[in-house]
> 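My structure is below; once you've seen it, I'll send some questions.
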Amino acid sequence: MSINRMIPDESPRPALRLCEPSEICDNEAARPPAPGHGRGGLSVPAQPEWDTPVQFVKGVGPKRAEALAAEGIHTAGDLLLYAPFRYEDRAAFRRIAELQEGETACIFGRIIASASRSTARVRMKLFELVVRDDSAAVDVIFFNQPYLRNVFHDGQYVVLFGRAERDTYTRSFRLQLRNPEYEIVADDEDRTIHVGRVVPVYRKLGPLTGRQLRALLHPVAAGMAAAPDPLPEALAARLGLCSRLAALREIHSPVVDAAEPAARAAALAALNAGASPAHRRMIFEEFFLLQTGLQFMHQGRRRVAKPHRIAVTDAIRDTVRQALPFKPTAAQKRVIKEIVADMTSPWPMHRLLQGDVGSGKTIVAAQAILVAAGNGCQAALMAPTEILAEQHHAVLTRLLAHTGYAVELLTSSRPAAEKEAALRRIAAGETPVVVGTHAVIQKDVDFRRLALAIIDEQHRFGVRQRAELMRKGQNPDILVMTATPIPRTLALTVYGDLSLSVIDEMPAGRVPVRTLLLEGERDLPKAYDIIRREIAAGNQAFVIYPLIEESEKVDLKHALAAHRRLSEDVFPGVRVGLLHGRLPEAERMAVMEAFRRGEVRVLVSTTVIEVGVDIPDATVMMVEHAERFGLSQLHQLRGRIGRSTKPGWCLLVAHDCKTDEARRRLDVMVQTTDGFRIAEEDLAIRGPGEVSGTRQSGVLNFRFGSLIHHRELLELARVEAAAFVARAMAEPAGAEMALLQRIRRDWADRFGLVLVG
Ligand code: ADP
Ligand code: MG
């Protein structure tokens, strides 16, 4: 179907051109100077080359170039690496008469009426359009965007992209488009750019609208004569990857020749899924470059030997045996073997220990610590919260009591004099074992012989902190532990430089926790009954209140009020403790200790106990306002119970479930206790940056690829990168090494944060 067919019949046929108001009066766009007359003596070709400063790209100019620089775009080539996020088939619009309820479609038509109004029922300002093509008309509703009155005018031609839904507000039940994306098209439009073909749709970039980007990029992609290609040639040839330039051209100006609707739809779907050959090539490149950096670090570590040699003597074996309070699981035995093999090798260990909440990582860490200390070295264990650091300190002190090794606690809330004395002992090498929070990596901490550095709950730290801890020793062995199972794709990327050990088995006798979703006030009595029953059976309960930074005070008040209510009205005669981050250290430790000893039966707490806390007799985890928590948080909280052979209850109380997303999270929690499934769901809901805590660093903000949708390409890139790096390193003077060094240099900025240390 041609574009012309879609033009309403009664109108003169517009030749299509963009006419966004801001564009019409845009006199800022600089023209590139004529060849040979470049600014500042630069000779600028009429067709930009890859390295041409972006300012000289037609339609950019100095002011926009400045704004683009802030987005990391400096050259014409950088601009080409800005990928569209979606494609629309604007050569074959959906006819309005054929719109189906629930479908997402792209239509093209003329505005025949527009109006603003307010609704009493939903108390919103509505702006409405009626748009028709040659088949029918459709209502278009925008919520709370009254300024659109000045954007749309009757008679204009518009492209609309959105979901067709029934009008349930006025109960007319007619199909309508709600808050669609729109593009206004005008009379003397250049037909090759914005309509009449499959067009790329870009997100706004700095000052440039998606439409302006399309206008800019189309000629740049078509006119660029060459692009530097970072992929090894032989590799690209073997994998059948097209050239980078061809790929970028296709991405910005895809050619879809097929006339048949099904074939067009398939081509469009492939483009939108990043599954076209051009996309796959760019995605592979992106993943390959990152994996090359990670592999270089991983394999490069084998070159620098540790200053301390670690050996496992019979005496050490004995102390380890005596320290174990129970029989380790087969999985625990296997991972400790892997860890000890690393520790006794000449090369530093860089290992990720992954095991779901409650799988018993602490005892594995304790064994590794004993091996280091038994060799006269120091070991450090870093945890994300003071409460967890305090718990680890208590546990290790107990486990190591028979050895005589001192265990030092370093947290920021320890009194200065105590802390100074501790620092002196650590620097002198008198303290073999140091447990602490971020305090461990502060400047004032100096180890004498740090040989083993362990990070618990690694996902709560950044890569940078891992590097800082590493620098406290000379090539120390590094073990990072995480209880949040990370989907494999993500682990490969964020922790791609680490070896992996997995505890895939729970200690014997564990019973899965039962999870109930409860509705607000109505169901509270039910929750309290369960708690009462468990207390009567000699067990204990957590009751968690959310503490969100913006409203910390208010939330704290809720926790305090709840504590009073629970201890006075709901559970009279039962000792109810209160725990939150504002309590002084001594008080906090006293409450935890009383809960641990079973004197406090119900612990009202904020999320300070979210990770790591281990109270085997606690069998109830009640979470108030569960809708406010993220999936991994809920999983961690639930992980506080079910840590013994007693059955546990997780009571998720929802008070104000506003979004579908919150509902979905709670449903997932009810459906499964499998940490891996929860992690996958979390990844799907929140995206990789949030899940791995690397959002700020931008490491996972791939331009073309997605860790969710392109896993098999990531796997392929990892395998290829590992082989490439191994070959390059085998021949330090060879061509592959030169290429590897160039990749590292060119990409250090982008992936720097992952590639620290
Ligand atoms: P996590 O992996 O979440 O850090 P912990 O190390 O805190 O788990 O262990 C959870 C609980 O399981 C603790 O109470 C611990 O003492 C217990 N535990 C660990 N390993 C075993 C085992 N092999 N047999 C019995 N109990 C174990
Ligand atoms: Mg733990």
Side-chain angles (χ1 to χ4, degrees), residues 320-337 339 351-370 381-401 435-437 454-461 479-486 500-513 539-540 542 592-593 595-598 607-619 621 632-648 650 673-676 678-679:
V320 170
R321 217 168 290 129
Q322 285 174 47
L324 288 177
F326 33 65
K327 206 166 141 292
T329 62
Q332 284 170 322
K333 278 191 204 152
R334 187 185 65 240
V335 301
I336 190 64
K337 239 194 212 146
I339 290 166
R351 190 167 281 279
L352 171 66
L353 174 58
Q354 191 171 300
D356 210 346
V357 274
S359 62
K361 295 180 292 296
T362 314
I363 198 74
V364 173
Q367 294 179 64
I369 287 170
L370 275 170
L381 170 58
M382 184 161 79
T385 66
E386 299 219 345
I387 287 178
L388 184 51
E390 284 156 8
Q391 173 184 295
H392 281 329
H393 178 253
V395 167
L396 285 174
T397 305
R398 186 155 32 87
L399 289 181
L400 273 50
V435 179
T437 54
I454 305 178
I455 302 181
D456 193 17
E457 312 289 351
Q458 155 74 28
H459 59 283
R460 296 280 294 258
F461 292 100
L479 179 66
V480 305
M481 310 199 290
T482 182
T484 308
I486 320 164
L500 185 63
S501 288
V502 181
I503 305 184
D504 50 7
E505 171 188 14
M506 287 288 173
R510 294 275 170 90
V511 214
V513 170
N539 301 325
Q540 294 168 279
F542 289 100
M592 268 326 272
E593 215 20 64
F595 193 50
R596 207 176 290 284
R597 281 200 306 267
T607 50
V608 289
I609 57 95
E610 179 185 325
V611 290
V613 168
D614 185 48
I615 312 282
D617 278 340
T619 54
M621 168 58 65
S632 69
Q633 261 187 318
L634 290 172
H635 181 61
Q636 284 282 358
L637 285 170
R638 183 166 58 187
R640 295 313 111 224
I641 57 166
R643 297 168 85 86
S644 69
T645 51
K646 297 176 187 170
C650 177
T673 53
D674 178 349
F676 280 91
I678 290 173

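Whatever order the structure lists ligands and atoms in, that order sets their numbers, starting from 1.
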> Work out which heavy atom in Ser359 is nearest to a heavy atom in Pro507; give both atom names and the distance.
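Ser359 and Pro507 have their closest heavy atoms at O-CD, 4.0 Å.
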> How close do Leu388 and Val611 get, heavy atom to heavy atom, and via which atoms?
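Residues Leu388 and Val611, closest heavy atoms: CD2-O, 3.9 Å.
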> I want to check something: taking the side chain as every heavy atom from C-beta on, are Leu399 and Ile363 in contact at a cut-off of under 4.5 Å?
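Contact flag for Leu399/Ile363 side chains = yes.
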> Applying a heavy-atom distance cut-off of 4.0 Å, which protein residues contact ligand 1?
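Residues within 4.0 Å of ligand 1: Phe326, Lys327, Pro328, Thr329, Gln332, Asp356, Val357, Gly358, Ser359, Gly360, Lys361, Thr362, Pro507, Arg510, Asp614, Pro616, Arg643.
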> Under 4.0 Å between a side-chain nitrogen and a carboxylate oxygen: does that hold for Arg643 and Asp614?
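Yes, charged N to carboxylate O under 4.0 Å.
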> Could Arg334 and Asp504 be called an ion pair, given the rule that one side-chain N must be under 4.0 Å from one carboxylate O?
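Looking at Arg334 and Asp504, the cut-off is met.
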> Identify which one of Val502, Thr482, Leu479 satisfies the side chain to side chain contact (heavy atoms under 4.5 Å, CB included) criterion when paired with Leu352.
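Passing option: Thr482.
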